[in-house]
There are 2 protein chains.
Amino acid sequence: MKQEHSRKQPSPDKPTISDTTLRSFVGYRMKRAFNVVQDDLTATLRPFDLRMLTYTALVLIVDNPGLRQSQLADAMDIERPNLVVIIDELERRELIVRDRVPTDRRAYALRATLVGRQLYDKAVAAVTAHEVELLAGLDNATVATVLDALRVIEKARQRS
Amino acid sequence: MKQEHSRKQPSPDKPTISDTTLRSFVGYRMKRAFNVVQDDLTATLRPFDLRMLTYTALVLIVDNPGLRQSQLADAMDIERPNLVVIIDELERRELIVRDRVPTDRRAYALRATLVGRQLYDKAVAAVTAHEVELLAGLDNATVATVLDALRVIEKARQRS
DNA sequence: AATCATTGGTATGCCTCATATCTAATTTCA
DNA sequence: TGAAATTAGATATGAGGCATACCAATGATT
């Protein structure tokens with residue numbers, strides 16, 4: 001996703017069109033807000049030459065040394081074939097290594113290199129800083145409420 | 001996006017991997033929650049043979065009869081070339097028409113047909129019902145707080 | 001040993017997004 | 001007014017994120 005939605009202010013001559021119906025949907029609001037967050041994240045990660053998915057994979061590998069590709073795919077909620085190219089890229093850049101698992105020669109144990117861990121540190125710090133700025137207009141209690149609501153929504157699928 | 005993330009419960013044997021670092025980011029939580037909402041929306045719209053984008057376009061055209069394609073692209077935050085195929089599809093299905101604008105022969109005024117408005121009614125009702133179910137675990141005050149927070153986040157870009 | 005399941009990989013296609021470029025039509029303005 | 005710039009829509013094309021089908025190698029089951 002290379003969007004970076006250009007935020008164009010409404011031209012005063014053309015009539016602004018109404019999205020009242022859509023605004024009544026939480027999903028629509030979430031998408032619009034998430035676009036902003038994602039664009040910000042994309043811009044934040046660009047200096048590190050990371051995309052959202054490579055960043056996510058790197059973080060999970062650093063935090064879970066030795067995990068298998070299939071576990072990582074599960075955690076990232078993507079299919080195994082799509083993870084391969086992500087791992088390929090991280091390995092090519094020597095941010096991680098594919099270690100053979102002695103007890104199961106089909107599998108790889110993924111581990112971050114020193115360089116990978118250093119990039120992780122810098123990227124996580126940058127993303128954290130950007131999030132703080134993005135949430136500057138909200139007090140902590142509100143953020144906590146939102147996070148809790150998001151968790152409820154995320155878990156709602158298991159009911160349906 | 002044809003995802004429909006298969007919600008697999010964690011196998012008890014394999015160690016669940018930790019996403020603690022990522023969980024600390026609001027963006028990550030938003031993405032996970034939004035995936036659920038989007039999957040639900042996709043499933044809800046499937047019986048109507050609508051995707052999120054065709055649905056969004058249809059709703060905006062019904063609510064703003066006569067708008068131009070470029071206005072619609074602006075409202076949907078997508079590029080004009082990408083809107084063309086969406087409009088093509090809606091027109092082919094005779095849900096909307098491209099009327100020539102007499103005062104500007106470059107432009108089209110988009111209008112929904114009767115069939116389009118009928119589909120709109122059904123789809124909006126279905127999506128509304130699904131949202132109610134998805135948000136069943138949250139009280140109204142919480143939803144209001146979340147919507148407000150989302151608006152603050154969405155507008156935050158204009159500050160940066 | 002034979003069958004089945006799993007891991008990682010390859011090939012492939014769809015959808016969403018972007019950019020560059022084209023035409024026709026309309027504005028702008030020297 | 002007439003040339004240049006701008007705009008509306010369309011086409012072509014490519015990147016990236018997703019899915020499925022299929023394969024080879026290995027491991028698990030019986």
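We name chains A, B, ... by the order of the sequence lines, and we start the count at 1 in each one.
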Protein-nucleotides 1-6 of chain D N/O pairs under 3.5 Å:
none

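In this structure Asp63(A) satisfies the salt bridge (charged side-chain N to carboxylate O under 4.0 Å, His left out) test with no other residue, sequence neighbours excluded.
Scanning residues 86-101 of chain A for heavy-atom distances under 4.0 Å to DNA chain D yields an empty list.
Not a single donor-acceptor contact under 3.5 angstrom links the side-chain atoms of Asp104(B) to the base of dA8(D).
The CD-P distance, from Gln38(B) to dT16(C), rounds to 9 Å in whole Å. When rounded to the nearest whole Å, the span between OH of Tyr108(A) and C1' of dG9(C) equals 9 Å. Going from atom CG of Leu83(B) over to atom C1' of dA18(C) covers 15 Å, rounded to whole Å. Atom P of nucleotide dT6(C) and atom CZ of Arg68(A) are separated by 14 Å, given to the nearest angstrom. Rounded to an integer number of Å, the gap from CG of Asn35(B) to C1' of dT16(C) is 14 Å. If you take CG of Leu72(B) and P of dG9(D), they are 10 Å apart, rounded to a whole angstrom. In this entry the distance linking CZ of Arg80(B) with C1' of dT7(D) reads 10 Å, nearest Å.
The hydrophobic clustering, which links ILVMFWY residues whose side-chain heavy atoms are closer than 4.5 Å, places Val146(B) and Val152(A) together.
The side chain of Gln69(A) places an N or O atom within less than 4.0 Å of a non-bridging phosphate oxygen (OP1 or OP2) of dG9(C). In terms of phosphate contacts, Ser70(A) brings a side-chain nitrogen or oxygen within less than 4.0 Å of OP1 or OP2 of dG8(C).
Out of dA19(D), dG16(D), dT11(D), the shortest distance to the side chain of Arg51(A) is found at dG16(D). Nearest nucleotide to the side chain of Arg105(A), out of dA25(C), dG8(C), dT26(D): dT26(D). If you check dA19(D), dG8(C), dG9(D) against the side chain of Glu79(A), the one that comes closest is dA19(D). Of the candidate nucleotides dC17(C), dC18(D), dG9(D), dC18(D) has the atom lying nearest to any side-chain atom of Lys31(B).
In terms of position on DNA chain D, the residue among Leu53(A) and Pro102(A) whose nearest nucleotide sits closer to the 5' end is Leu53(A). When each of Asn82(A) and Thr103(B) is assigned the nucleotide of DNA chain C bearing its nearest heavy atom, the one mapping closer to the 5' terminus is Asn82(A).
Panel note: side chain Arg100(A), backbone Arg105(A); a donor-acceptor pair is recorded below 3.5 Å.
Atom CZ of residue Arg117(B) and atom NZ of residue Lys122(B) lie 14.0 Å apart, to the nearest 0.5 angstrom. The distance from the CG atom of Leu147(A) to the CE atom of Met30(B) is 10.0 Å, given to the nearest 0.5 Å. The CD1 atom of Ile78(B) sits 7.0 Å away from the CG atom of Leu72(B) when rounded to the nearest 0.5 Å.
Asn140(A) CG: 12 or fewer foreign heavy atoms inside a 6.0 Å radius.
Side-chain N/O atoms of Arg68(B) and Tyr108(B) include no donor and acceptor closer than 3.5 Å.
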**Request:** Show your working on side chain to side chain contact (heavy atoms under 4.5 Å, CB included) between Leu119(A) and Arg93(A) and close with a plain yes or no.
**Result:** CA-CA 11 Å; Leu119(A) 186 62; Arg93(A) 293 175 58 190; 4.0 Å; yes

**Request:** Quick one: do Glu131(B) and Arg29(A) satisfy salt bridge (charged side-chain N to carboxylate O under 4.0 Å, His left out)? Show the steps, please.
**Result:** CA-CA 12 Å; Glu131(B) 283 226 342; Arg29(A) 307 277 200 103; over 6 Å; no

